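Below, chain A is the first sequence line, B the second, and so on; all start at residue 1. The figures here come from the full heavy-atom set of this structure, side chains too, leaving out hydrogens, waters and symmetry mates. Predicted model only: the values in this text are computed from it and were never measured.
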Amino acid sequence: MLPVASLLILVPLIFAAVTFFTKTKKQAAGLGLLGSLATLGLTLYAYLNFDSNTAAMQFFESMEWIPSLGVNYSVGIDGISMPLILLNSIVIPLLILFSWKEDREAPNRFYGLILTMQAAVIGVFVALDFLVFYIFWELTLIPLFFMVNIWGGEKRVHASYKFFIYTHVASLIMLLGIFGLFYASWQQTGAPSFDIRELVAQFQFFESGLLRDAIFLSIIFGFLAKLPVFPFHSWLPDAYTEAPTAGSVLFILLKIGGYGLFRISLPMLPNTGSPDLMITMLGLLGAFSIVYGALVALRQKDLKRMIAYSSLSHMGFVVLGSAGFIALSVSGAMFQQFSHGLIMSILFMSAGAIQTTAGTRIINNLGGLAKKMPKLTVVMMVGFMASLGLPGLSGFIAEFLVFTFSYVNLPGFVLFALLAIVITAGYHLWAMQRAMFGVYNEKLGDVSDINSLQVFSMGAIALLVLYFGLNPSPVLNMMITNSEAIVSLAAALGV
Amino acid sequence: MVKTALEEFAFLIPLLPALAFVITFFFGKKMPSGGAIVPIMAIAASFVISLAITLGLLANPEEVVSQSYSWFAVLNIGILIDPLAAVMLSMVSFVSLLIHIYAVSYMSHDPGKPRYFAETALFTAAMLSLVLSDNILQLFVSWELVGLCSFLLIGFWYEKPSAAAAAKKAFLTTRIGDVMFLTGIIILTSDLMRLAGGFQDGTYLLRFDEIFSYIPQLSALQANIFGFEVSHLTIITLLFFGGAVGKSGQFPLHVWLPDAMEGPTTVSALIHAATMVTAGVYLVARTFPMFIAAPDSLMVVAYLGGFTALFAGTMGIVMNDLKRVLAFSTISQLGYMMLGLGLGATIGLEAVGISIFHLINHAFFKALLFLCAGSIIHAVGTQDMRELGGLGKVMPITAATMAIAALALAGFGIPGTSMGTSGFFSKDAIIEAAYLFGEHSNNWIPYLFSIAAALLTSVYIFRLIFMTFTGKPRSNYHGHESPAIMTIPLSILAVFALVFGGLTQTGFMAFLEETFANSFVNVDIGSLAGIGGNELVEAAGHEPLLVLWMPLIVAVAGLAVAFVIYYLRMIKLGAIASMKNPIYRLLYKRYYQHEIYTEFFSLGIVYGVVALLTQVLDVIVDSIVEGIGILTVGVSEELRRVQTGVVQTYAAAVIVGVSLLIILVKLIMEVL
């Protein structure tokens, strides 16, 4: 069997390196597409050979790296990471096709950074050693920083530094927690180790409840700021909005915050000094973010900024479902990560296409675009409907699972978050009505519909949103298997 | 269960129209009439299968069609065709078929035809799937999909700002109901999980038989809300009813339905008269075993239904737009259906019988009324009744069929015989049941609501008939009768509006009462009513003669009023129908609900206060972050200068930072 996990990092990384040295746009985009398609092929190979019925690590590889500190290069794939790798591998080639006809400066760097980003994100998903995990975690900052900084909008410099410093500080606090975990475990067992699963398992044996709380909180802070949820979200609207379309989509594919919750924080949660308090805190942050993001989105004038806040609202589901802490609520949170990546890609591509042709994203300056852009209107409608949670599309499955099964443990928070449903429908429809329907705003001049490659890439994602809305099981089953493992681990410990 | 060949095709009932949607959506432009033939053939096939299954079921009501497949997690998709679903399936596919045929001509000049037929085909598929769901989740999913199609079709002429606004209003208003429905499902699921002690293999959590088997336990679970002890069953059923209120245009969420008339008239006939708006009634009927064990919920259903019937009628009498009169009429008639169901606390399963009987009859005559209105709009180009008049001579078929529909709506017929229009049998049954309820509980409010509403119904529908078809034309137009492809569906529906009720009355209701006793689910309604503390009484036969004749008396009285005012024109309208008259203004302005809901609540409270405060909070949170940034490193200014060397800076920062962190952690660990 192929060492898929390592190849999934190496292939995009090598293609990225070569792409940086290309001279023309054609070479850069072509290599980018080739690299991402090769990664997609590997991912499909992994997916087809994947067993959804076991929570055990598959495609596991390990070799010694720094034996004196217990650092290993170990990677593997399980039901928590598989869907997210799939998401990245599917969307990246479509993203390259979407931007195929765009002219921009330094295409070699543009496509090289996209592939670097893909390697870094997949690296986080497959890493089973904290050092490897942290290296890839920080590596994701670099392509995103340059994406915003070089090709972004007017306030790109400010937005890029704000994002970089904010999440970097959060990452350092997370690193503090990781070191705490490392040293405490060393003291406990007498042997150093950076193995994620081993350290997470050792966590329960630390005597000091205060220490456990401190470790848990500092690690989860990194994840919550990366997701992000209220009140750690203020980098998001600027970064998402100022980024070029491809950059916004890369931000959306940056699912490492939620992944960290499932991989590291949730297994630790029941063993913290005060699990009830932690669950209440997470439930509160999740439910509040859902409503808060929706309310702020309601007042946005810029289409892209509205979508950015909508994303914040959706991320609340990931945290609320995690706090629900039964297998199906956690699966719902995982499914939300997967589904949100697809849906938001459509939304940001739509906003990008409108900006490109109409020259503005201010909702009130648009109007009646449906007449001139019928193809965009259809895919955008699918994206908007999915984003507002219409059944039959993937967003509903996630929201339904999170709401329904979080209610078992957190009824109050769920009832509060349900308020957001009407508001969410409100701002989506309001934006659609103002921007796309009604009389065409002649001031916009001659706008043109999306090109055929864009129809293909957005249409393909829209079909996936529909497919996983009708038949979620191909990814949901493995999520359930792993969620059950997380939750039963907690139950076995008597919590 | 006997497996017949026919059952094997049940899944095609929703699937064929769904496939028709795909074909018409992608290839309709290249086909004649926008690809209308595809959905017509598909829906015709669905109708044949539905009818065949219904006929089989009629012979043997216990042998229901039931098929379930796992969907995801513990949930399933499936088909349940019992008497209730069977009559609905037959009606929906039949009415949809006729309206699709009619639309070939009605929509013939519209360039958006392919989109129209694709969306109506999708609607039909979703509606059929809603009806044959064997579990509450699939019903909810279909429920939302019919809502989506309604949204798309109200906004079919999206370049018209009023249509785009009406579509949005419809979606958002019904969404308020949908949230309640979803909340009900969430609470139900959580309760079932607790009661079942986790998930059992081989059972589907939200299938109706599973839900119904837990009714006694659900009723025993108590919650304390504002100091009142309420059973979980009451909460869940009320939340379900909240969904029904939105979908079926009941007070106070009815406001979207009159505006929904912005869509093509065929859409109004199909979605906003005959099928989708009855989904709420269907939901209550489908979960009737839960409602009957929750008497407080049934009381709410009865009162709200009765009130809506009357309330909508008052607005119906002042509207000048042909379609808006019919819209208020639909709201009012849906109120009757809800009232019928709400009386279940007294009359038991018969409530489902009379309510669904009225639903089916109403589908025929209301679809007919809308299609007649469409025929008029198609010929004349206006729908303002003040500009119409005298159309009876130029459009004889339309006039005759619309008059039949009006008689059916007003409920003309001779009590004690089987002579009467369809509406007569079903509406009278509801009014008589309301009387029985009053006699039994000494509470006459539902009965008074229903009688008063019957009077108003007769007034507004004959006002419409006289203003449209009699007298002289009040504007310049050249009316002409519509082509045969439109008048044939009118005639077919007219026959059903005239005789369906009389032919089927007793058999129909008896058939429906078999719904909850069969191979799929077998509940004892009497004992469930006992849980709720209800005592069922035997209906019919012993009412005083006046009670039997009362509905006809008020219908004739209403006709007389309309005749005197709008045909003979013996009363000067100017004084009454003037904006100076406060009552007229109140009715014409629809009790100022638009102002209260939209301007005060939506814009004022939600958008103006809550969202504004949240936005302010967002600025504060952001300012704190920016402030920290400026204080520590002078984020924007300082770093802008060193942006060329950012990778090196970064690397150095990481190394220094990590070293410091290691030392810090070591120190902390020593202390702890």
Side-chain angles (χ1 to χ4, degrees), chain A residues 138 142 145 149 157-158 161-162 165-166 172 175-176 179-180 183-184 187 208 210-211 230-231 233-235 292 295-296 298-299 328 331 368 370-371 385 390-392 396-397 401 403-405 407-408 411 414-415 418 421-423 425-426 429-430 433 436-440 471-473 476 480, chain B residues 71-74 137 140-141 144-145 148 155 158-161 164-165 167-168 171-172 175-176 178-179 182-183 185-187 189-190 193-194 602 606-607 610-612 614-615 617-618 621-622 625-626 629 633 635-636 639-640 643 646-647 650 653-654 657-658 661-662 664-666 668-669 672:
Chain A
E138 288 293 78
I142 295 167
F145 173 80
N149 196 282
V157 177
H158 181 77
Y161 280 104
K162 189 170 171 184
I165 292 168
Y166 197 125
L172 287 177
L175 189 63
L176 195 75
F179 282 140
Y183 282 122
Q187 267 175 358
S208 159
L210 191 63
L211 175 69
F230 179 88
H233 67 280
S234 30
W235 61 269
Y292 176 91
L295 280 170
V296 184
L298 191 62
R299 287 192 68 93
L328 285 175
S331 312
K371 198 179 162 194
M385 285 295 159
L390 189 84
F396 171 74
I397 304 282
L401 285 171
F403 276 144
T404 307
F405 295 102
Y407 184 86
V408 177
V414 170
L415 291 179
L418 278 163
I421 289 186
V422 178
I423 305 165
L429 294 189
W430 175 79
Q433 188 201 349
M436 308 308 284
F437 303 139
V439 186
Y440 178 67
N471 183 23
S473 300
L476 186 63
I480 294 176
Chain B
W71 185 18
F72 65 95
V74 286
L137 182 62
F140 179 75
V141 170
E144 293 285 287
L145 289 182
L148 169 74
Y158 58 80
E159 285 173 50
K160 230 167 86 183
K168 189 187 68 174
F171 197 93
L172 287 182
R175 192 101 181 144
I176 295 171
D178 297 349
V179 174
L182 181 63
T183 310
I185 296 178
I186 290 170
I187 296 175
T189 313
S190 154
M193 269 178 72
R194 215 175 320 160
S602 311
V606 177
Y607 187 79
V610 181
L612 182 68
T614 320
Q615 199 184 15
L617 178 61
D618 200 56
V621 172
D622 190 41
V625 171
E626 298 267 349
V633 273
V635 191
S636 44
L639 284 173
R640 193 170 290 172
Q643 66 172 292
V646 75
V647 176
Y650 172 68
V654 168
V658 167
L661 277 175
I662 292 174
L664 190 65
V665 171
K666 270 263 174 193
I668 294 171
M669 298 291 296
L672 289 172

### Message
If you count heavy-atom pairs within less than 4.5 Å of chain B, which of A:F437, A:Y292, A:F396 leads?
### Response
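Of the candidates given, the most pairs with chain B belong to A:Y292.
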#### Entry: Largest heavy-atom contact set with chain B, pairs under 4.5 Å, which of A:P472, A:P231, A:P411
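Of the candidates given, the most pairs with chain B belong to A:P472.
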#### Entry: side chain to side chain contact (heavy atoms under 4.5 Å, CB included) evaluation trace for B:E159 with A:V439
CA-CA 5 Å; B:E159 285 173 50; A:V439 186; 5.7 Å; no
### Query
Looking only at heavy atoms, what is the nearest atom pair of A:P391 and B:L145, with distance?
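Taking every non-hydrogen atom into account, O-CD2, 3.4 Å.
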#### Entry: Heavy-atom pair with the smallest gap, counting every atom of A:S473 and B:W71
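Between these two residues, the closest heavy atoms are OG-O, 3.1 Å.
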### Query
Could you walk me through whether A:F405 and B:M193 pass the side chain to side chain contact (heavy atoms under 4.5 Å, CB included) check?
CA-CA 10 Å; A:F405 295 102; B:M193 269 178 72; 3.4 Å; yes
### Task
Just jot down the side-chain contact (heavy atoms from CB on, under 4.5 Å) partners of A:I421, sequence neighbours excluded, or say none.
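A:I421 satisfies side-chain contact (heavy atoms from CB on, under 4.5 Å) with A:F403, A:L418, B:R175, B:V179, B:L182 once adjacent residues are dropped.
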### Query
By side-chain contact (heavy atoms from CB on, under 4.5 Å), which residues pair with A:T404, not counting sequence neighbours?
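So A:T404 forms a side-chain contact (heavy atoms from CB on, under 4.5 Å) with A:F400, B:I186, B:T189.
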### Residue, of B:I185, B:L612, B:T183, B:I176, that accumulates the most heavy atom pairs under 4.5 Å with chain A
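It is B:L612.
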Gap separating the [atom1] atom of [X] from the [atom2] atom of [Y], nearest 0.5 angstrom:
X: B:Y158; Y: A:M436; atom1: OH; atom2: CE; value: 9.0 Å
X: A:M385; Y: B:L148; atom1: CE; atom2: CG; value: 5.0 Å
X: B:I187; Y: A:L415; atom1: CD1; atom2: CG; value: 6.0 Å

### Task
Heavy-atom distances under 4.5 Å only: say whether B:L137 touches chain A with side chain, backbone, both or neither.
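Side chain of B:L137 only, per the 4.5 Å heavy-atom cut-off to chain A.
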### Query
So what's closer than 4.5 Å to chain A heavy atoms on B:A165: side chain, backbone, both or neither?
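Both parts, backbone and side chain.
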Using non-hydrogen atoms only, which part of [X] is less than 4.5 Å away from chain B: side chain, backbone, both, or neither?
X: A:W430; result: both
X: A:L298; result: both
X: A:Y440; result: neither

### Message
Is the shortest side-chain heavy-atom distance between A:L401 and B:F72 below 4.5 Å?
### Response
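Yes, close enough: below the 4.5 Å cut-off.
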#### Entry: Trace of the side chain to side chain contact (heavy atoms under 4.5 Å, CB included) decision for A:F230 with B:V621
CA-CA 9 Å; A:F230 179 88; B:V621 172; 3.9 Å; yes
### Query
In this structure, are over 12 heavy atoms from other groups packed under 6.0 Å from B:K160 atom NZ?
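Atom NZ in B:K160 is packed in, count exceeds 12.
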### Query
Does B:D622 pair with A:K162 as a salt bridge, N-O distance under 4.0 Å?
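Yes.
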